[in-house]
Visitor: 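So that we are looking at the same thing, I have put the structure below in structure tokens.
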Amino acid sequence: MSSIFQSIHKLVAKIPPGRVATYGQIAAMLGVPGGARTVGWAMHGLPEGSEVPWHRVVGAGGLVRLPEFEGKAVQVMLLRQEDVEVDGRGRIDLERFQWTAE
DNA sequence: AAGGTGACCAAGG
DNA sequence: TCCTTGGCCACCT
């Protein structure tokens with residue numbers, strides 16, 4: 001079924017390891033500026049064991065916008081596994097790790 | 001069809 | 001630096 005939801009998952013799946021994208025960026029790439037909330041919502045609705053690398057999607061400014069109880073620690077861990085530097089606050093240097101589409 | 005909700009964003013106190 | 005406020009969009013009931 002083609003929904004913005006599917007499009008988001010597909011695009012996120014294209015983010016290469018060691019890179020991150022912001023919610024707003026994803027939304028903009030899909031032609032839905034201002035639809036950052038929708039992207040976040042799509043992430044939240046992901047089933048477990050999904051192919052989608054949801055952990056590569058962060059908030060504006062490279063800040064992890066994920067409540068602890070939703071798996072923030074997991075996201076940070078996965079990112080670090082991909083050589084992405086994340087500080088204790090969950091901040092990432094977009095200048096170096098932000099994904100720029102082809 | 002209408003309203004509520006959310007892993008957002010930017011600005012203001 | 002933290003919390004609140006207003007605005008944005010798509011999905012669910």
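The analysis underlying the following values was restricted to heavy atoms, covering all of them including side chains, and did not include hydrogens, waters or symmetry mates. Computed from a predicted structure; not experimentally measured. The chains referred to below are lettered A, B, ... by the order of the sequence lines, with proteins before strands, and numbering in each begins at 1.
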Visitor: Judged by modelled atom types alone, do A/Gln25 and A/Gln98 share a side-chain donor-acceptor pair under 3.5 Å?
Guide: yes
Visitor: For DNA chain B, which ranges pair as stems of 3 or more consecutive Watson-Crick or G-U pairs, with both donor-acceptor distances under 3.5 Å?
Guide: B:2-6 with C:9-13, B:8-13 with C:2-7
Visitor: Can you build the contact string for nucleotides 6-13 of chain B? Use B for base contact, S for sugar-phosphate-only contact, and - for no protein heavy atom under 4.0 Å.
Guide: BBBSS---
Visitor: Can you pull the salt bridge (charged side-chain N to carboxylate O under 4.0 Å, His left out) pairs that have at least one residue in residues 26-46 of chain A, sequence neighbours excluded?
Guide: none
Visitor: Got A/Tyr23 and A/Val57 here, is their nearest side-chain heavy-atom distance under 4.5 Å?
Guide: yes
Visitor: With side chain to side chain donor-acceptor pair (under 3.5 Å) as the rule and sequence neighbours excluded, what pairs involving residues 48-68 of chain A come up?
Guide: A/His55-A/Glu82, A/Arg56-A/Glu82
Visitor: Do A/Gln75 and A/Val64 touch side chain to side chain, with heavy atoms closer than 4.5 Å?
Guide: yes
Visitor: Expressed as a whole number of angstroms, how long is the span from A/Ile26:CD1 to C/dC8:C1'?
Guide: 17 Å
Visitor: For nucleotides 4-6 of chain C, tabulate all protein N/O to nucleotide N/O atom pairs closer than 3.5 Å, reporting atom names and distance.
Guide:
none

Visitor: Atom CD1 of A/Ile8 to atom C1' of C/dC8: distance rounded to whole Å?
Guide: 14 Å
Visitor: Would a hydrophobic clustering, with Ile, Leu, Val, Met, Phe, Trp and Tyr connected at side-chain separations under 4.5 Å, put A/Val86 with A/Leu66?
Guide: yes
Visitor: Just one of A/Leu46, A/Thr38, A/Val52, A/Val32 clears the side chain to side chain contact (heavy atoms under 4.5 Å, CB included) bar with A/Ile8, so which one?
Guide: A/Thr38
Visitor: Rounding to a whole Å, what distance do you find between A/Ile4:CD1 and C/dC9:P?
Guide: 12 Å
Visitor: Under the salt bridge (charged side-chain N to carboxylate O under 4.0 Å, His left out) rule, what pairs show up with a residue in residues 9-36 of chain A, not counting sequence neighbours?
Guide: none
Visitor: Under a 4.5 Å cut-off applied to non-hydrogen side-chain atoms, are A/Val58 and A/Leu63 in contact?
Guide: no
Visitor: Do the non-hydrogen side-chain atoms of A/Val12 and A/Met43 ever get within less than 4.5 Å of each other?
Guide: yes
